[in-house]
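Taking it in order: structure first as structure tokens, then the write-up.
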Amino acid sequence: MKIAVVGVGYVGLVVGTGLAENGHFVTCVDREEGRIQSLLSGHLPIYEPGLEELTKRNIEEERLRFTTDFESTVANSLLVFICVGTPSLDDGRADVSEVMACAEQVARAMNGYTIIVLKSTCPVGMADQVRERVANLTTHPFDMVVNPEFLKEGAAVDDFMRPDRVLIGCDDVRVQEIMKELYAPFMRTGKPILCMSIRSAEMTKYAVNVTMAARISLINELANICEAYGADIGEVREGLMADSRIGSAYLFPGIGFGGSCLPKDVAACATFARDKNIPCDMLDAVSAVNNRQVATFIDRIFNYYGGSVSGKRLAIWGLSFKPRTDDIRHAPALRVIDALLEGDATVAVYDPVANRKVAEIYGDRILVGAKSYTVLEGADGLVIATEWREFHNPDFVRMGTLMREKVVFDGRNLYNPKVLANCGFRYFSIGRA
Ligand SMILES: NC(=O)c1ccc[n+]([C@@H]2O[C@H](COP(=O)([O-])OP(=O)(O)OC[C@H]3O[C@@H](n4cnc5c(N)ncnc54)[C@H](O)[C@@H]3O)[C@@H](O)[C@H]2O)c1
């Protein structure tokens, strides 16, 4: 099938490459010339494990192309996947302006029957609005499909190639069959393709993200109670996970969730609930707990230094919102950096892949280290914000010789408190007395 993918970000690039890998002819189009140029010269604009090799192979085998030529790409495609961003507005609402603008462009470029597939996460009812708008702009026949994406950054290739399920929101049985054919190669593991109404598909995406976010906020709240009473959230977590009704996923205590999906989708879901006067106390609490979690962690750092970090030098390990990605959107690490800079501290940061993106934001206001140990030189403390594998078993003796003051603020519970104490460190973690 000839496919257009509009928006070559974290989702579009994986979707386009994944579809090409399964034999389809895919043209990915983005409005950012620089992004397309970098792809054409063999450089991925994002870091995602396993993606570069796959992208290169499909370009070489001429199943995958990148362009800024929106019109001819859409005109030559049966399926157009919309994968543009839907970030948060100030009031928490999803900003759907890029989706609508993109749909209008598709409507003007269509050259015959087209299936418009909405992959971007949009509030319930958005696909109907898009359908109405497109119908006003074209005389060509078209169908709408909502096909939310569930990939996780850091494991996106695997998630897309071997999904837990594929969701197809669509009213037309023939279109459902085309979508099933498209995804058939991905479903050899026996996982289901679920067909449902367009609005149910839109809502399912929010339901999934809200549920995952709620689990994280719940474990964080439990961690805080543990800490106040001298219990250990690590032990409590083992008891929770052993219960088959609960399981282990999304139950890691820490400094809260970030990224481009969970914070914005919880907030957006709350706003469209309120639009219909549906109370959404649970959703509000999930966001509030998450915001408080990182604020409390920052307070702990300040309190340790007697209320002021002025003149202190703090090292930070981990900047991306989670390991195995360079995505720093809504990353807790950025909240920590902002607070420390506000408090007049010197901040030296290190991340295996997100250094460049953070340097672009802060410029010379922070020091960016090429290696994890270099940022520890002369540090009055180390903050751990992301649980990259390389931070799990550091050389504590070497760390101690480099740092001016041996204190670690661990926002991801990476270490055994007894080991740190034996090495002469003051150690603060989450939910452990
Ligand atoms: N990032 C994730 O892990 C993830 C997972 C599932 C779903 N989603 C959803 O998928 C959507 C895309 O997310 P993302 O993280 O890939 O976004 P992104 O910001 O990384 O990428 C969006 C891309 O779309 C391009 N774009 C915007 N308007 C365009 C237009 N009119 N024509 C051509 N290109 C255009 C931008 O230049 C950008 O490169 C969002 O709705 C998000 O909520 C994201």
Side-chain angles (χ1 to χ4, degrees), residues 4-18 27-39 44-49 51 66-74 77 80-89 93-109 116-123 126-127 130 133 146-160 163-167 201-202 204-210 212-213 257-269 320-322 324-331 357:
V5 172
V6 184
V8 192
Y10 286 87
V11 168
L13 189 54
V14 174
V15 169
T17 305
T27 305
C28 296
V29 52
D30 202 285
R31 62 181 178 190
E32 276 187 37
E33 179 82 41
R35 190 162 272 245
I36 295 300
Q37 283 312 326
S38 103
L39 280 158
L44 259 52
I46 57 164
Y47 172 78
E48 183 59 48
L51 186 58
F66 295 96
T67 180
T68 51
D69 182 352
F70 197 106
E71 279 68 28
S72 72
T73 301
V74 168
S77 300
V80 180
F81 281 78
I82 297 183
C83 303
V84 301
T86 49
S88 277
L89 292 166
R93 241 164 246 285
D95 180 353
V96 291
S97 57
E98 283 188 357
V99 171
M100 196 49 105
C102 179
E104 289 171 0
Q105 271 179 287
V106 173
R108 292 195 180 95
I116 302 175
V117 185
L118 207 48
K119 254 213 179 292
S120 301
T121 304
C122 295
M126 182 66 192
V130 168
R133 185 78 190 117
V146 168
N147 172 220
E149 184 48 57
F150 294 99
L151 60 79
K152 300 183 291 297
E153 286 171 24
V157 173
D158 205 46
D159 287 347
F160 187 73
D164 280 345
R165 71 345 213 145
V166 165
L167 224 66
E202 288 173 321
T204 304
K205 173 65 191 172
Y206 282 97
V208 167
N209 277 2
V210 159
M212 293 188 300
F257 54 80
S260 66
C261 292
L262 297 193
K264 87 172 168 71
D265 292 348
V266 175
C269 193
S320 54
F321 83 93
K322 67 173 180 179
R324 293 164 64 84
T325 179
D326 62 347
D327 196 345
I328 55 167
R329 292 177 283 188
H330 299 281
K357 287 195 171 167

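Residue indices begin at 1 and follow the sequence shown. In listed order, ligands and their atoms are each counted from 1.
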Does [X] reach ligand 1 with a nitrogen or oxygen that is under 3.5 Å from one of the ligand's nitrogen or oxygen atoms?
{"X": "Lys152", "result": "no"}
{"X": "Asp30", "result": "yes"}
{"X": "Glu149", "result": "no"}
{"X": "Asp327", "result": "no"}

With a cut-off of 4.0 Å, which atoms of ligand 1 are near a heavy atom of [X]?
{"X": "Cys83", "result": "12 (C), 22 (C)"}
{"X": "Gly85", "result": "22 (C)"}
{"X": "Arg35", "result": "39 (O)"}
{"X": "Lys264", "result": "42 (C), 43 (O)"}
{"X": "Glu153", "result": "1 (N), 2 (C), 3 (O)"}
{"X": "Cys261", "result": "2 (C), 3 (O), 4 (C), 5 (C), 8 (N), 44 (C)"}
{"X": "Lys205", "result": "6 (C), 7 (C)"}

Presence of salt bridge, Glu153 and Arg324, under 4.0 angstrom
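Between Glu153 and Arg324 there is no salt bridge, as every charged N stays at least 4.0 Å from the carboxylate O atoms.
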Salt bridge flag under 4.0 Å for residues Glu48 and Lys152
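Between Lys152 and Glu48 there is no salt bridge, as every charged N stays at least 4.0 Å from the carboxylate O atoms.
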No-hydrogen, no-angle side-chain donor-acceptor test under 3.5 Å, Asp327 and Thr325
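Side-chain D/A pair, Asp327 to Thr325: absent.
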Looking only at non-hydrogen atoms, find the nearest pair between [X] and [Y] and report the distance.
{"X": "Ala156", "Y": "Val14", "result": "O-CG1, 3.7 Å"}
{"X": "Ile36", "Y": "Val8", "result": "CD1-CG2, 4.2 Å"}
{"X": "Val146", "Y": "Ala127", "result": "CG2-CB, 3.5 Å"}
{"X": "Pro263", "Y": "Gly258", "result": "CD-O, 3.3 Å"}
{"X": "Ala94", "Y": "Tyr206", "result": "CB-OH, 4.3 Å"}
{"X": "Ile46", "Y": "Gly9", "result": "CD1-O, 4.2 Å"}

Should the proximity of [X] to ligand 1, defined as any heavy atom under 4.0 Å, be assigned to the side chain, the backbone, both, or neither?
{"X": "Arg31", "answer": "both"}
{"X": "Ile46", "answer": "neither"}
{"X": "Arg329", "answer": "side chain"}

Protein heavy atom at shortest distance from [atom]:
{"atom": "atom 44 (C) of ligand 1", "answer": "Val11 CG2, 3.2 Å"}
{"atom": "atom 9 (C) of ligand 1", "answer": "Thr121 OG1, 3.5 Å"}
{"atom": "atom 31 (N) of ligand 1", "answer": "Gln105 OE1, 2.9 Å"}
{"atom": "atom 24 (O) of ligand 1", "answer": "Gly7 CA, 3.3 Å"}
{"atom": "atom 21 (O) of ligand 1", "answer": "Gly9 CA, 3.2 Å"}

What's the spacing between Asn209 CG and Thr121 OG1 if we round to 0.5 Å?
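Reported value, rounded in 0.5 Å steps: 6.5 Å.
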Spacing of Leu44 atom CG and Asp326 atom CG [to the nearest 0.5 Å]
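CG of Asp326 is found 9.5 Å from CG of Leu44.
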Can you find a non-hydrogen atom of Ala101 under 4.0 Å from ligand 1?
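No heavy atom of Ala101 comes that close to ligand 1.
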Do the numbers put Arg165 on top of the ring of Phe150, so that NZ or CZ is under 6.0 Å from the six-membered ring centre and no more than 45° off the axis?
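Flagged: Arg165 positioned over aromatic ring of Phe150.
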Out of Val6, Thr86, Leu13, Ile36, who gets a non-hydrogen atom closest to atom 40 (C) of ligand 1?
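Nearest heavy atom to atom 40 (C) of ligand 1 lies in Thr86.
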Heavy-atom nearest option to atom 26 (N) of ligand 1, drawn from Asn209, Asp265, Val84, Leu151:
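Looking at heavy atoms only, the winner is Val84.
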Donor-acceptor check, side chain of Lys264 to backbone of Ser88, threshold 3.5 angstrom: yes or no?
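Here the side-chain-to-backbone pair does not exist.
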